[in-house]
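What you see is a predicted model, and the numbers here were worked out from it, not measured in a lab.
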Amino acid sequence: MSNLLWQKTGVAVDAKIQAFLAGDDVILDREFFLYDIQASSAHAEGLQHIGILTADELAGLKAELAILADDFRSGSFVLDERFEDCHSAIEARLTERLGDAGRKIHTGRSRNDQILVATRLWLKDKLARVAGLSREIAKVALDRAASEQALPLPGYTHIQRAVVSSAGMWWAGWAEAFIDNAIRAHDTLALVDCNPLGTAAGYGVNLKLDREHTTRALGFARMQISPIYAQLSRGKFELAALEALGSATLDLRRIAWDLSLFTSAEFGFVALPAQYTTGSSIMPNKRNPDVIELMRATHASVAAARTEIEQLLSLPSGYHRDLQSSKGAIFHGFGRGLAALELLPALLANLDWREDRLRAGIDSGMYATDVAVEAAIAGVPFREAYKAAAAAADNAGQGRSPESSLAARTSPGAAADLRLDELCARWDALNDSEEG
């Protein structure tokens with residue numbers, strides 16, 4: 001490991017203590033390394049603006065930072081145990097190549113300042129991806145709702161057969177859900193889109209840093225003004241980002257549950273493309289829906305990450321080393337969550353309904369609600385209509401069809417009035433806001 005900036009003369013560094021302090025920093029920081037390089041380049045520009053760096057020094061630093069980024073991408077530079085973290089690796093490389101100019105890059109910064117801006121940039125990218133995937137999933141659902149709106153589908157409450165439903169209603173539900181998920185991710189991105197670079201360890205520095213420039217250079221919407229709030233927001237913003245991700249993975253979990261049931265032999269409503277299933281290692285007669293089962297498990301990782309960060313935040317104001325652990329939480333939460341969401345659009349686009357099994361799953365009792373409502377429309381008090389329909393439930397389907405039941409379901413959003421045009425308008429507005 002390179003010399004530690006904070007190491008005191010005459011005080012030996014205990015290897016076990018240092019390993020504990022470093023934790024998984026070097027491994028985790030590989031995820032944030034390029035963002036730290038990006039922020040370091042903007043910081044160097046700001047230092048040149050206030051006379052800490054000369055124009056030549058700035059040019060050299062920016063060139064070497066670009067080379068380091070390329071070397072990292074190609075694998076010729078590896079962030080490993082030689083370094084305490086990504087920040088020390090950047091400084092060591094610049095010092096090796098540029099001498100004193102390289103040593104100046106840390107002026108006006110703290111290691112906390114560096115990881116705070118790097119993770120903030122990373123969170124912006126991840127939230128943009130959650131929003132983008134949610135829009136993509138919503139579009140698949142909207143398209144299938146339009147093309148399959150009249151396809152009968154058994155409707156369940158309490159996992160019991162309840163009423164006649166439709167594939168159109170099922171798809172429309174997920175479409176609206178993921179439109180909301182996209183909005184939430186976009187709104188959360190707007191919350192975290194503020195620049196903490198230049199707040200140091202939470203109290204600023206005795207330099208007139210050009211924070212307005214770094215805000216523009218890094219593409220932030222605004223500057224996070226208070227250095228103290230920059231510290232208070234660490235963990236708080238990560239928690240908000242995981243909550244936005246969690247909105248999408250909660251819906252993913254429920255889709256996966258539906259598909260787990262619908263693909264079972266007992267239901268048999270859905271056939272998955274072969275690539276989404278695996279063979280049993282002991283039972284040659286079956287295929288397993290492993291992909292949707294692991295999708296179902298994904299939200300647990302997001303929820304665990306959220307809980308870990310929430311427990312870290314039982315701290316007074318100011319910077320505390322505890323917050324180092326928030327890096328692992330967001331890495332694992334977003335790593336698992338986004339990986340699952342990435343697979344969902346194609347899965348939804350390519351699953352097939354087994355219409356014969358769908359129709360076979362609709363029994364006479366599932367028309368009982370229609371019978372009760374029709375009697376109520378005719379003037380029978382609903383309680384009496386309900387009791388009469390319940391008593392005759394076994395015969396409720398006589399003279400009826402799934403199509404007639406769906407055609408009569410005229411309440412807004414129900415099968416005969418899906419309001420897909422309104423959902424499409426909301427989806428279009430997502431794209432307009434993104435472009436704007």
Checklist entry - Hey, are K327 and D29 close enough for a salt bridge, meaning a charged N less than 4.0 Å from a carboxylate O? => result yes
Next on the checklist: Hydrogens and angles aside, do D143 and W171 bring a side-chain donor and acceptor to less than 3.5 Å of each other?
Outcome noted: no
Checklist entry - Has R93 got more than 12 heavy atoms of other residues, nucleotides or ligands less than 6.0 Å from its CZ? => result yes
Checklist outcome for this item: For N181 and S134, the nearest pair of non-hydrogen atoms, with its separation, is CB-OG, 3.6 Å
Checklist entry - According to the interplanar angle, ranging from 0 to 90°, do the rings of F267 and F262 count as parallel (below 30°), tilted (30 to 60°) or perpendicular (above 60°)? => result tilted
Checklist entry - Does atom CG of D290 have more than 12 heavy-atom neighbours from other groups under 6.0 Å away? => result yes
Next on the checklist: Salt bridge or not between D193 and R222? Use side-chain N to carboxylate O under 4.0 Å.
Outcome noted: no
Item to check | Atom pair CG/CD of L197 and Q38 - distance to nearest 0.5 Å | outcome: 10.5 Å
Checklist entry - Looking only at heavy atoms, what is the nearest atom pair of A39 and V117, with distance? => result CB-CG1, 3.5 Å
Next on the checklist: Please determine whether salt bridge (charged side-chain N to carboxylate O under 4.0 Å, His left out) holds for the pair R73 and D70, giving the CA-CA distance in whole Å, both sets of side-chain angles, and the decisive distance to 0.1 Å.
Outcome noted: CA-CA 5 Å; R73 292 188 190 97; D70 288 341; 3.1 Å; yes
Next on the checklist: Run R359 and E403 through salt bridge (charged side-chain N to carboxylate O under 4.0 Å, His left out) and show every step you take.
Outcome noted: CA-CA 11 Å; R359 290 184 179 276; E403 287 77 9; 2.6 Å; yes
Checklist entry - Of all residues at least two apart in sequence or in a different chain, which pass the side-chain hydrogen bond (donor to acceptor under 3.5 Å, both in side chains) check with R30? => result none
Checklist entry - Salt bridge between R419 and D417, side-chain N to carboxylate O under 4.0 Å? => result yes
Checklist entry - In a check of ring pair (Phe, Tyr, Trp, His ring centres under 6.0 Å) between F32 and each of F331, W122, F334, F72, which one passes? => result W122
Checklist entry - Of all heavy-atom pairs between I292 and A256, which one has the smallest distance, and what is that distance? => result O-CB, 3.3 Å
Checklist entry - Passes side chain to side chain donor-acceptor pair (under 3.5 Å), D113 versus S110? Steps please. => result CA-CA 5 Å; D113 172 291; S110 71; 5.3 Å; no
Item to check | Side chains of T215 and N195, donor plus acceptor under 3.5 Å | outcome: yes
Item to check | D180 and S247 side chains, donor-acceptor separation under 3.5 Å | outcome: no
Checklist entry - Does atom CH2 of W257 have more than 12 heavy-atom neighbours from other groups under 6.0 Å away? => result no
Next on the checklist: I'd like to know if E374 and R400 make a salt bridge, using a cut-off of under 4.0 Å between side-chain N and carboxylate O.
Outcome noted: yes
Checklist entry - Just checking, is any N or O donor in the side chain of Q324 or R321 under 3.5 Å from an acceptor N or O on the other one? => result yes
Checklist outcome for this item: Hits for side chain to side chain contact (heavy atoms under 4.5 Å, CB included) against R254, two or more places apart or cross-chain, chain-then-number order -> W174
Next on the checklist: Less than 4.0 angstrom from a charged side-chain N to a carboxylate O is my criterion; do R216 and E212 meet it?
Outcome noted: no
Checklist outcome for this item: Interatomic distance, NZ@K139 vs CG@L423, rounded to 0.5 Å, equals 12.5 Å
Checklist entry - Hey, mind stepping through T277 and V291 against side chain to side chain contact (heavy atoms under 4.5 Å, CB included) and telling me if it holds? => result CA-CA 7 Å; T277 65; V291 173; over 6 Å; no
Item to check | Expected output: side-chain S364 to main-chain G397 donor-acceptor under 3.5 Å | outcome: yes
Checklist entry - If every non-hydrogen atom of L420 is compared with every non-hydrogen atom of A172, which pair is closest and at what distance? => result CD2-CB, 4.1 Å
Checklist entry - Roughly how far apart are F178 CZ and L430 CG, rounded to 0.5 Å? => result 13.0 Å
Checklist entry - With a 4.5 Å heavy-atom cut-off, do P402 and Y367 have their side chains touching? => result yes
Next on the checklist: Just by distance, no angles: are the side chains of H106 and Q114 close enough, under 3.5 Å, to form a donor-acceptor pair?
Outcome noted: yes
Next on the checklist: Is there a side chain to side chain contact (heavy atoms under 4.5 Å, CB included) between L323 and L315? Walk through the geometry before answering.
Outcome noted: CA-CA 9 Å; L323 293 170; L315 297 166; 4.1 Å; yes
Item to check | N-O pairing of E238 and R306 below 4.0 Å | outcome: no
Next on the checklist: Distance check, rounded to the nearest 0.5 Å: N288 atom CG versus T278 atom OG1?
Outcome noted: 4.5 Å
Item to check | Full working for side chain to side chain contact (heavy atoms under 4.5 Å, CB included) between D36 and I115 | outcome: CA-CA 7 Å; D36 197 349; I115 198 59; 5.8 Å; no
Checklist entry - With side chains defined as the heavy atoms from C-beta onward, is the minimum distance between T369 and V373 less than 4.5 Å? => result yes
Checklist entry - CG of L406 to OG of S401: how many Å apart, nearest 0.5 Å? => result 8.0 Å
Checklist outcome for this item: What one should report as the nearest heavy-atom pair of A385 and A375 is CB-CB, 3.7 Å
Item to check | Step-by-step side chain to side chain donor-acceptor pair (under 3.5 Å) determination, D370 to S405 | outcome: CA-CA 7 Å; D370 293 349; S405 178; 2.5 Å; yes
Item to check | Beyond-backbone contact of L272 with R287, side-chain heavy atoms, under 4.5 angstrom | outcome: no
Checklist entry - Do you know the tightest heavy-atom contact between L347 and Y276? => result N-OH, 3.3 Å
Checklist entry - Under the side chain to side chain contact (heavy atoms under 4.5 Å, CB included) criterion, do Y203 and Q231 qualify, and how do the steps go? => result CA-CA 9 Å; Y203 295 96; Q231 293 304 313; over 6 Å; no
Item to check | Face-on cation placement of R135 at W427 ring, 6.0 Å and 45° thresholds | outcome: no
Next on the checklist: Before you tell me yes or no, could you show the steps for R253 and T298 under side chain to side chain donor-acceptor pair (under 3.5 Å), namely the whole-Å CA-CA distance, both residues' side-chain angles and the distance that decides it to 0.1 Å?
Outcome noted: CA-CA 7 Å; R253 181 164 68 182; T298 297; over 6 Å; no
Checklist outcome for this item: Interatomic distance, NE2@H213 vs CD@E45, rounded to 0.5 Å, equals 3.5 Å
Checklist entry - Any sub-3.5 Å donor-acceptor pair from R357's side-chain atoms to W353's backbone N or O? => result no
Item to check | Lys NZ or Arg CZ of K387 over F382 ring: under 6.0 Å, within 45° | outcome: no
Item to check | Side-chain H-bond candidate by donor/acceptor type, Q224 with S233, under 3.5 Å | outcome: yes
Next on the checklist: Can you list everything that forms a ring-ring contact (aromatic ring centres under 6.0 Å, His included) with F77? Sequence neighbours excluded, please.
Outcome noted: F33, F83
Item to check | Chi angles and distances behind the side chain to side chain donor-acceptor pair (under 3.5 Å) call for Y35, D125 | outcome: CA-CA 10 Å; Y35 295 95; D125 281 354; 2.7 Å; yes
